[in-house]
Amino acid sequence: MTKVIFLDAAGTLFDVRGSVGEVYGQIAQRFGVTVKSEELNAAFSQSFASASPMAFPGIEAAKIPQLEFEWWQTVSAKAFQIAGIFHQFSDFSTFFVELYAHFATAEPWFVYPDVLPALNKWQQQGIELAVVSNFDSRIYPVLKALNLAEYFTSVTISTEVGAAKPDSQIFTAALQKHNCTAENVLHIGDSFKADYCGAKNAGLNAIWLNRQQEKLDLGKLPFLIESQKVEEFASLDFI
């Protein structure tokens with residue numbers, strides 16, 4: 001019996017309006033930098049994929065926000081470097097302060113249309129809801145701005161735990177906030193590796209929210225699920 005549902009954040013509950021490249025490009029224009037959003041989006045994807053996990057084990061809580069800021073500044077700067085336009089900035093630091101603050105608001109995000117009906121139904125069924133995400137501490141103002149915060153009894157993020165999904169440590173930390181065993185918890189997220197495989201390895205039930213209808217290479221599936229059917233849905237309408 002499912003007593004608690006863990007949900008990923010970005011890509012599951014909400015996502016960027018348009019693309020990251022569009023948002024970055026719009027703000028960059030205010031600083032006299034012009035770039036094609038498609039090129040910048042591809043550069044961002046490359047930079048983000050090559051970055052180390054956003055987790056800071058052993059770091060005191062007071063220092064985490066600054067480390068999150070620096071982590072994102074590095075990823076963003078590399079994206080503009082890959083796109084070949086970093087040199088156009090006269091003051092990248094000032095630009096990034098504005099960019100970083102922008103993503104702590106509701107403006108660059110949209111909530112998927114299937115989210116609120118699902119959250120309301122689960123809440124009516126008496127199921128506890130929680131967020132488990134590799135997002136940074138801006139998740140708190142973002143959830144509030146998007147009118148989602150009230151649905152969740154806990155929020156667990158990689159930077160505060162010191163471990164990022166698919167590491168089982170983040171799921172264990174989330175479980176400790178609920179009076180529940182792993183087999184009574186369902187985790188839902190859009191990343192096959194981080195969410196589905198991570199949750200399965202931690203002993204949780206899992207659903208891959210395959211919003212982009214990605215195709216899996218069955219020959220490269222982790223040993224954990226080679227002989228199992230992957231539980232996947234394209235939206236939260238499966239409830």
Side-chain angles (χ1 to χ4, degrees), residues 5-26 35-51 53-54 72 75-76 78-79 82-83 103 106-119 121-122 129-136 138-139 142-143 146 148 151-152 157-158 164-167 170-171 186-202 204-222 224-226 228-239:
I5 294 178
F6 290 168
L7 291 134
D8 175 50
T12 298
L13 296 173
F14 56 84
D15 215 333
V16 176
R17 293 182 186 276
S19 70
V20 173
E22 287 179 39
V23 179
Y24 274 39
Q26 288 166 3
V35 60
K36 292 181 179 179
S37 60
E38 299 86 357
E39 293 177 3
L40 186 53
N41 199 58
F44 171 81
S45 296
Q46 185 179 335
S47 176
F48 185 82
S50 66
M54 189 167 46
W72 277 111
V75 169
S76 300
K78 185 175 179 181
I82 292 171
F103 276 95
E107 191 174 342
W109 307 105
F110 73 93
V111 177
Y112 285 103
D114 57 344
V115 168
L116 290 178
L119 296 181
K121 185 168 184 177
W122 288 326
L129 302 174
V131 170
V132 180
S133 172
N134 289 348
F135 213 90
D136 54 74
R138 290 174 297 175
I139 189 68
V142 168
L143 288 173
L146 295 175
L148 294 173
Y151 289 97
F152 302 103
I157 55 175
S158 59
K165 295 180 293 183
D167 192 315
I170 189 171
F171 295 102
L186 171 66
H187 178 73
I188 303 172
D190 69 300
S191 169
F192 177 73
K193 180 180 178 181
D195 291 302
Y196 188 81
C197 297
K200 283 283 192 178
N201 276 318
L204 282 67
N205 299 299
I207 287 175
W208 178 30
L209 190 61
N210 189 6
R211 292 194 182 279
Q212 307 305 320
Q213 291 295 281
E214 298 174 46
K215 299 297 182 182
L216 291 176
D217 183 344
L218 297 178
K220 294 181 179 179
L221 291 183
L224 176 73
I225 56 166
E226 281 180 349
Q228 301 175 21
K229 180 181 182 298
V230 175
E231 291 292 328
E232 65 171 292
F233 294 93
S235 74
L236 295 176
D237 296 336
F238 67 86
I239 57 172

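Values in this document were obtained by computation on a predicted structure and should not be read as measured data.
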**Q** Does Arg211 have any salt bridge (charged side-chain N to carboxylate O under 4.0 Å, His left out) partners at least two apart in sequence or in another chain, and if so, which?
**A**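 With neighbours one apart ignored, the set is Asp114.
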
**Q** Mind checking ring pair (Phe, Tyr, Trp, His ring centres under 6.0 Å) for Tyr112 and listing every partner two or more places apart, or none if nothing turns up?
**A**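 Here the qualifying residues are Phe110.
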
**Q** Taking only residues two or more places apart in sequence, or in another chain, which ones meet Ser37 in a side-chain contact (heavy atoms from CB on, under 4.5 Å)?
**A** Glu22

**Q** For Ser76, check side-chain hydrogen bond (donor to acceptor under 3.5 Å, both in side chains) against everything at least two apart and list the hits.
**A**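 So Ser76 forms a side-chain hydrogen bond (donor to acceptor under 3.5 Å, both in side chains) with Tyr24.
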
**Q** Please identify each residue that fulfils side-chain hydrogen bond (donor to acceptor under 3.5 Å, both in side chains) with Asn134, with sequence neighbours left out.
**A** none

**Q** Who passes side-chain hydrogen bond (donor to acceptor under 3.5 Å, both in side chains) against Ser235, sequence neighbours left out?
**A**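 Listed in chain order: Asp237.
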
**Q** Using side-chain heavy atoms (C-beta onward) and a distance below 4.5 Å, is Leu13 in contact with Leu146?
**A**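 Of all side-chain heavy-atom pairs linking Leu146 with Leu13, none is under 4.5 Å.
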
**Q** Would you say Met54 and Trp72 make side-chain contact, with heavy atoms under 4.5 Å?
**A** yes

**Q** Please name all residues satisfying side-chain contact (heavy atoms from CB on, under 4.5 Å) with Ala51, sequence neighbours left out, ordered by chain then number.
**A**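 By the side-chain contact (heavy atoms from CB on, under 4.5 Å) rule, Ala51 matches Trp71, Val75.
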
**Q** Residues two or more places apart in sequence or in another chain: which of them pass side-chain hydrogen bond (donor to acceptor under 3.5 Å, both in side chains) with Asn205?
**A**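 Not a single residue meets the side-chain hydrogen bond (donor to acceptor under 3.5 Å, both in side chains) criterion with Asn205.
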
**Q** Nearest 0.5 angstrom please: His187 NE2 to Ile5 CD1, how far?
**A** 11.5 Å

**Q** Gln46: which residues meet the side-chain contact (heavy atoms from CB on, under 4.5 Å) condition with it, sequence neighbours left out?
**A**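 Checked Gln46 against side-chain contact (heavy atoms from CB on, under 4.5 Å); matches are Ile82.
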
**Q** Under the rule for side-chain contact (heavy atoms from CB on, under 4.5 Å), what residues qualify as partners of Ala202, not counting sequence neighbours?
**A**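 Listed in chain order: Ser168, Phe171, Leu204.
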
